[in-house]
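Here's the structure we're looking at; comments come further down.
Naming: A, B, ... by sequence-line order, numbering from 1 per chain. Below, each value reflects all heavy atoms present in this structure, side chains not excepted, and no hydrogens, waters or symmetry copies.
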There are 2 protein chains.
Amino acid sequence: MQDKYQLLRQHFEEIVTLTDEEWKIIAPHFEHKKLKKHQFLIQTGQPVDCEFWIINGLIKSYAVDEKGSEHILQFAMEDYWVSDYYAFQHQIPATIFVDCIEDSEFFCLSLESREIICQKIPAMANFFRIKSNYGFIGLQQRILSLLTQTAEERYDALLFKLPKLVQRVPKKLIAAYLGVSRETLSRFKG
Amino acid sequence: MQDKYQLLRQHFEEIVTLTDEEWKIIAPHFEHKKLKKHQFLIQTGQPVDCEFWIINGLIKSYAVDEKGSEHILQFAMEDYWVSDYYAFQHQIPATIFVDCIEDSEFFCLSLESREIICQKIPAMANFFRIKSNYGFIGLQQRILSLLTQTAEERYDALLFKLPKLVQRVPKKLIAAYLGVSRETLSRFKG
DNA sequence: GTTAAAAAGTGATATACATCACATTTTTTT
DNA sequence: AAAAAAATGTGATGTATATCACTTTTTAAC
């Protein structure tokens with residue numbers, strides 16, 4: 001178990017440096033948890049107590065429309081952060097679902113804990129700032145791909161960027177991420 | 001002119017508190033500039049020296065595809081931040097354009113300056129962290145709208161959220177932001 | 001104030017993609 | 001290993017939206 005916390009520290013130290021003193025303050029704010037395939041981290045209408053850092057497994061966040069169709073906001077795998085950030089930040093009930101595509105292990109961090117850590121340890125404010133920046137940039141790229149590319153071009157780009165993910169999950173989930181029907185996606189390529 | 005810097009300080013102090021000492025360190029990193037309608041802040045292929053905080057006016061960031069069509073990533077008005085963040089963060093040539101829809105006034109901040117400020121003044125690391133978080137959340141909402149809504153629903157939502165913006169800019173730019181042709185957008189509503 | 005340019009509206013037609021229905025294959029459960 | 005469930009493939013058909021071509025209206029430039 002201690003090794004899992006080691007992984008978390010390493011994740012921070014890829015971007016900032018932490019003293020052992022600082023780590024002693026940080027670590028207790030993180031709670032280690034496991035869930036099995038199909039279990040939920042977040043359900044709509046429920047409070048969003050945490051954001052999550054994935055140790056292993058595969059998780060998806062998604063909205064469900066009136067017709068019951070899923071629209072995937074994010075696939076979160078090893079080393080990714082995930083939550084319903086809108087609800088988490090505003091401390092309101094969730095509007096999206098987050099659940100496990102595979103058995104998964106992760107750390108939980110509450111909003112209160114995050115803010116305490118950022119106030120006490122400037123390096124951590126910088127860590128979250130830089131991470132958030134990269135997240136922002138990633139989402140801008142995705143918006144551009146939705147605006148400028150056809151569904152098939154987006155599929156090709158994803159195949160190129162994350163070939164293993166495309167193998168790892170049912171194609172209907174890939175379709176729900178790309179914004180195309182599973183039938184149409186099934187007709188792409190040779 | 002000094003009042004413009006006052007506006008900037010107020011913008012920071014909406015989120016964090018700063019001492020006069022700290023402000024003396026921060027302010028000199030910001031350069032005040034003005035540009036007229038149609039002038040560029042960023043052009044593809046050019047280095048991206050700065051991110052920009054808009055004092056007044058109206059600016060757009062956009063990609064141009066092979067066919068020459070514009071796809072708008074962001075409208076930036078008073079109190080907004082804008083740049084080619086992908087290029088800015090990685091310090092590579094711009095892949096999008098940023099130009100003025102109206103005469104505009106803004107402050108410029110280099111990547112180096114931003115990092116210095118964040119290292120020296122923890123409150124500023126927190127400011128940029130929190131801002132970046134909100135930006136991230138906004139982009140997630142936009143991705144969901146692109147995945148779940150029809151073009152007309154997106155138009156209605158924008159009319160509801162930013163009615164003044166829809167009045168203020170040519171509809172073809174609204175279309176380029178929503179991911180719909182100007183002809184189709186022109187056929188919406190009664 | 002006149003001229004030029006840009007924006008906006010609209011019909012006709014084309015197309016990317018969705019939806020429906022059902023067969024086939026693969027994976028999971030017991 | 002058998003049965004059930006989920007995923008995938010594919011034809012037929014429908015639809016939202018794009019594109020093209022042109023006119024009218026509004027805004028900007030001289």
Side-chain angles (χ1 to χ4, degrees), chain A residues 35-39 57-58 60 62-72 75 97 99-104 145-159 163-190, chain B residues 35-39 57-58 60 62-72 75 97 99-104 145-159 163-190:
Chain A
L35 284 178
K36 295 215 169 290
K37 189 169 172 172
H38 296 134
Q39 293 187 308
L58 185 57
K60 66 182 199 286
Y62 58 101
V64 176
D65 65 25
E66 330 77 58
K67 290 178 192 161
S69 314
E70 280 187 30
H71 303 274
I72 295 183
F75 291 110
F97 293 92
D99 69 20
C100 297
I101 297 174
E102 302 171 0
D103 294 358
S104 301
S145 82
L146 286 166
L147 292 179
T148 64
Q149 296 183 304
T150 64
E152 186 158 16
E153 287 168 342
R154 293 199 296 278
Y155 182 54
D156 289 342
L158 187 68
L159 264 176
K164 284 180 189 160
L165 178 72
V166 179
Q167 300 294 46
R168 199 169 161 185
V169 310
K171 298 274 171 62
K172 72 165 180 180
L173 296 185
I174 299 295
Y177 176 83
L178 293 173
V180 69
S181 71
R182 58 155 210 90
E183 294 93 333
T184 296
L185 185 132
S186 156
R187 282 182 251 258
F188 290 158
K189 275 271 154 148
Chain B
L35 283 178
K36 297 214 170 291
K37 190 170 171 170
H38 295 136
Q39 293 187 307
L58 185 57
K60 67 183 199 287
Y62 58 100
V64 176
D65 66 24
E66 332 76 58
K67 290 178 192 162
S69 313
E70 280 187 30
H71 303 274
I72 295 182
F75 291 110
F97 293 92
D99 69 21
C100 297
I101 297 174
E102 303 171 0
D103 295 358
S104 302
S145 82
L146 286 166
L147 291 179
T148 64
Q149 296 183 305
T150 65
E152 186 158 17
E153 287 168 343
R154 293 198 296 278
Y155 181 55
D156 289 343
L158 187 68
L159 265 175
K164 285 181 188 159
L165 178 74
V166 178
Q167 298 295 42
R168 198 168 161 187
V169 310
K171 298 270 171 62
K172 71 165 183 179
L173 296 186
I174 299 296
Y177 176 83
L178 293 174
V180 69
S181 72
R182 58 157 209 89
E183 293 93 333
T184 295
L185 185 133
S186 156
R187 282 182 252 258
F188 290 158
K189 276 271 151 149

Could you check whether any side-chain heavy atom of [X] comes within less than 4.5 Å of a side-chain heavy atom of [Y], counting everything from C-beta outward?
X: B:L147; Y: A:D65; answer: no
X: B:D156; Y: B:E152; answer: yes
X: B:K60; Y: B:D99; answer: yes

Between [X] ([atom1]) and [N] ([atom2]), how many Å, whole number?
X: B:K36; N: D:dA29; atom1: NZ; atom2: P; answer: 12 Å
X: A:E183; N: C:dT19; atom1: CD; atom2: C1'; answer: 7 Å
X: A:K37; N: D:dA6; atom1: NZ; atom2: P; answer: 11 Å
X: B:E70; N: C:dA6; atom1: CD; atom2: C1'; answer: 13 Å

*Distance from A:I72 atom CD1 to A:I174 atom CD1, nearest 0.5 Å?*
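Result: 7.5 Å between the selected atoms.
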*Hey, what do you get for CD1 (B:I101) to CZ (B:R168), rounding to the nearest 0.5 Å?*
8.5 Å
Between the protein and nucleotides 14-18 of chain D, list the N/O to N/O atom pairs that are separated by less than 3.5 angstrom.
unit_1: D:dT17; atom_1: OP1; unit_2: B:A151; atom_2: N; d: 3.0
unit_1: D:dA18; atom_1: OP1; unit_2: B:S181; atom_2: N; d: 3.2
unit_1: D:dA18; atom_1: OP2; unit_2: B:S181; atom_2: N; d: 3.0
unit_1: D:dA18; atom_1: OP2; unit_2: B:S181; atom_2: OG; d: 3.0
unit_1: D:dA18; atom_1: OP2; unit_2: B:T184; atom_2: OG1; d: 2.9

_CA sep, side-chain torsions, deciding dist, call: A:R182, A:L173, side chain to side chain contact (heavy atoms under 4.5 Å, CB included)_ = CA-CA 8 Å; A:R182 58 155 210 90; A:L173 296 185; over 6 Å; no
*For the residue pair B:Y177 and B:F75, does the interplanar ring angle fall in the parallel (under 30°), tilted (30 to 60°) or perpendicular (over 60°) class?*
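Because their plane-to-plane angle lies in the 30° to 60° range, the rings of B:Y177 and B:F75 count as tilted.
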*Do B:R154 and B:F188 pass the side chain to side chain contact (heavy atoms under 4.5 Å, CB included) test, and can you show the C-alpha distance, the side-chain angles, and the key distance before you say yes or no?*
CA-CA 11 Å; B:R154 293 198 296 278; B:F188 290 158; over 6 Å; no
*Return the residues of residues 164-173 of chain B meeting this criterion: a heavy atom under 4.0 Å from some atom of DNA chain C. Order them by number, or give none.*
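Output list: B:P170, B:K171, B:K172.
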